Number of protein chains: 2
Amino acid sequence: MNSYTEENYLKAIYKLTEQSEGNITTNAIAEVMNTKAASVTDMVKKLADKKLVNYAKYQGVRLTKKGEDIAIQIIRKHRLWECFLVNKLNFKWDEVHDIAEELEHINSTTLVDRLDEFLGFPKFDPHGDPIPSKNGIFSANNFYKLLKLNEGDIGKVAGVCDHSNTFLQYLEKQKLGLGTSISLTEKNEYDQSVVITTADGRAIFLSKEVANNILVAI
Amino acid sequence: MNSYTEENYLKAIYKLTEQSEGNITTNAIAEVMNTKAASVTDMVKKLADKKLVNYAKYQGVRLTKKGEDIAIQIIRKHRLWECFLVNKLNFKWDEVHDIAEELEHINSTTLVDRLDEFLGFPKFDPHGDPIPSKNGIFSANNFYKLLKLNEGDIGKVAGVCDHSNTFLQYLEKQKLGLGTSISLTEKNEYDQSVVITTADGRAIFLSKEVANNILVAI
DNA sequence: CATATAATTTAGACTAACCTAAAATATCCA
DNA sequence: TGGATATTTTAGGTTAGTCTAAATTATATG
């Protein structure tokens with residue numbers, strides 16, 4: 001059994017691994033965990049003792065298979081609970097992260113599997129992130145950054161890259177929720193801003209920054 | 001904000017208060033918390049500093065209004081989660097306690113209230129225990145111990161006094177779940193055992209110990 | 001009512017997870 | 001390639017919650 005804190009470190013290391021090549025540095029972990037590098041060193045040693053990470057002094061860490069499996073199961077729980085909160089309890093997509101952060105540590109395989117079934121085995125969470133299956137497999141998707149699409153392309157909003165509340169609330173205000181059908185009507189070379197049109201005919205201007213954080217299924 | 005551990009102490013003290021008169025002793029708390037008396041003394045001092053209990057050395061403790069309110073909210077969460085697990089995720093009534101013990105510490109008033117609504121504002125949990133409302137009010141019930149009923153009385157199984165898995169599983173085996181209609185057909189003076197008859201005509205023999213732990217709504 | 005026993009508290013120590021400051025190592029660049 | 005700088009680790013300390021053993025207070029009984 002791993003502590004709440006150990007689980008959070010594993011999850012953090014997993015997410016850093018997704019974003020960068022090579023070993024994960026102590027400072028990078030300290031940053032996302034909101035602690036100091038010295039604390040990370042302590043914890044990393046403990047995780048190494050438990051064979052959850054490979055660690056050599058000054059070389060950073062990498063999750064072992066065992067550590068990765070645990071991290072994936074935590075992500076599975078987090079995303080399933082987010083589905084529950086949004087689909088069953090009518091939370092908005094910008095309200096669920098902190099609660100799911102707590103719920104993800106509830107310890108019962110049966111609970112997770114029953115929840116999965118209750119929700120109809122969803123493949124993606126309310127932000128479009130894939131939900132790993134019971135045995136840790138992520139569904140493939142065909143999502144592309146809105147910024148990379150060409151004029152005339154059509155699709156549906158399928159996910160976000162930035163999960164911050166301010167970004168999610170901005171999309172909400174523009175009525176760009178998951179599943180919204182859009183077409184790319186205009187690309188501005190100069191600042192890379194775009195204009196999209198929704199199914200109900202609204203034209204929406206989006207900056208490069210925004211377009212880069214919206215994923216579209218085409 | 002109170003820690004997970006502080007919440008468990010408050011809940012333990014609340015439950016002991018339900019069962020006994022006067023102040024709650026250090027040893028009694030140590031027993032239900034599975035710790036030593038010395039640890040309880042430390043925690044009780046902390047809770048007293050936070051004005052959650054009244055405490056005087058060697059005199060035991062009593063919850064303040066503030067402490068009691070927190071305890072009741074934890075019980076509310078515990079029982080609502082038990083309803084969720086049984087009614088929505090098809091857990092059996094003997095499988096939910098440990099999971100609810102974790103879920104009860106999830107910190108979000110909105111979550112609890114939305115869950116309450118999602119479940120249809122249940123008044124009793126899967127063991128027949130009353131669920132306090134948002135403002136801490138418990139529903140009254142008209143439940144009587146099966147042992148105290150008279151021959152010919154009819155009613156429905158509405159709750160249990162013993163919440164142990166062995167007891168719940170025993171009732172399960174006898175197909176005496178919550179809501180089962182029964183009539184008391186025979187009382188044996190000698191050993192206080194009883195015979196009840198279910199709606200579908202099964203006669204079930206129950207010892208004094210069992211009859212004393214079954215609550216019936218008449 | 002005095003003393004034996006039981007309950008409670010204090011004292012001092014442990015672990016997990018964190019911290020700061022200092023030491024050790026790695027990296028970068030002139 | 002040799003400093004300068006940045007990163008990481010070590011050393012030593014803190015807090016929450018626990019423990020054991022000893023000291024204190026309450027209670028019970030002859």
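What you see is a predicted model, and the numbers here were worked out from it, not measured in a lab. Residue numbering restarts at 1 for every chain, and letters A, B, ... go by the order of the sequence lines.
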Between the protein and nucleotides 20-29 of chain C, which nitrogen or oxygen pairs come in under 3.5 angstrom?
residue : atom : partner : partner atom : Å
C:dT20  : OP2  : A:Lys36 : NZ           : 3.3

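Look at B:Asn27 and you won't find any side-chain N or O under 4.0 angstrom from OP1 or OP2 of C:dA6. OP1 or OP2 of D:dA16 has not a single side-chain nitrogen or oxygen of B:Tyr9 nearer than 4.0 Å. A sub-4.0 Å separation between OP1 or OP2 of C:dT9 and a side-chain N or O of B:Thr26 is present.
Qualifying side-chain contact (heavy atoms from CB on, under 4.5 Å) partners for B:Asp162, counting only residues two or more places apart in sequence or in other chains: B:Ser164, B:Phe167, B:Asn213. With sequence neighbours excluded, no residue forms a salt bridge (charged side-chain N to carboxylate O under 4.0 Å, His left out) with B:Glu68. Legend: residues meeting salt bridge (charged side-chain N to carboxylate O under 4.0 Å, His left out) with A:Glu101, ordered by chain and number and at least two apart, are A:Lys11.
When the C1' atom of D:dA6 is taken as reference, atom CD of A:Glu31 falls 15 Å away, rounded to whole Å. Rounded to an integer number of Å, the gap from CG of B:Asn23 to C1' of C:dT8 is 14 Å. The distance from atom OH of A:Tyr4 to atom C1' of D:dA16 is 16 Å, rounded to the nearest whole Å. Atom CD1 in B:Ile29 sits about 13 Å away from atom C1' in C:dA7, given to the nearest Å. The distance from atom CG of B:Asn8 to atom P of D:dT18 is 9 Å, rounded to the nearest whole Å.
You'll find that the side chain of A:Met43 is closest to C:dC18, out of C:dC18, D:dT9, D:dT7. Each of C:dT9, C:dC18, D:dT18 was ranked by its minimum atom distance to the side chain of A:Thr35; first place goes to C:dC18. Each of C:dT10, D:dT18, C:dC19 was ranked by its minimum atom distance to the side chain of B:Thr5; first place goes to D:dT18.
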Expected list for residues 51-60 of chain B: side-chain donor-acceptor pairs under 3.5 angstrom, two or more places apart:
none

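Contacts classified as salt bridge (Lys or Arg N to Asp or Glu O under 4.0 Å) and involving residues 28-44 of chain A (residues at least two apart or in different chains) are not found.
For B:His163 (side chain) and B:Cys161 (main-chain N/O), a donor-acceptor pair under 3.5 Å exists by modelled atom type.
Taking the centre of each ring, B:Phe124 and B:Phe138 stay at or above the 6.0 Å mark.
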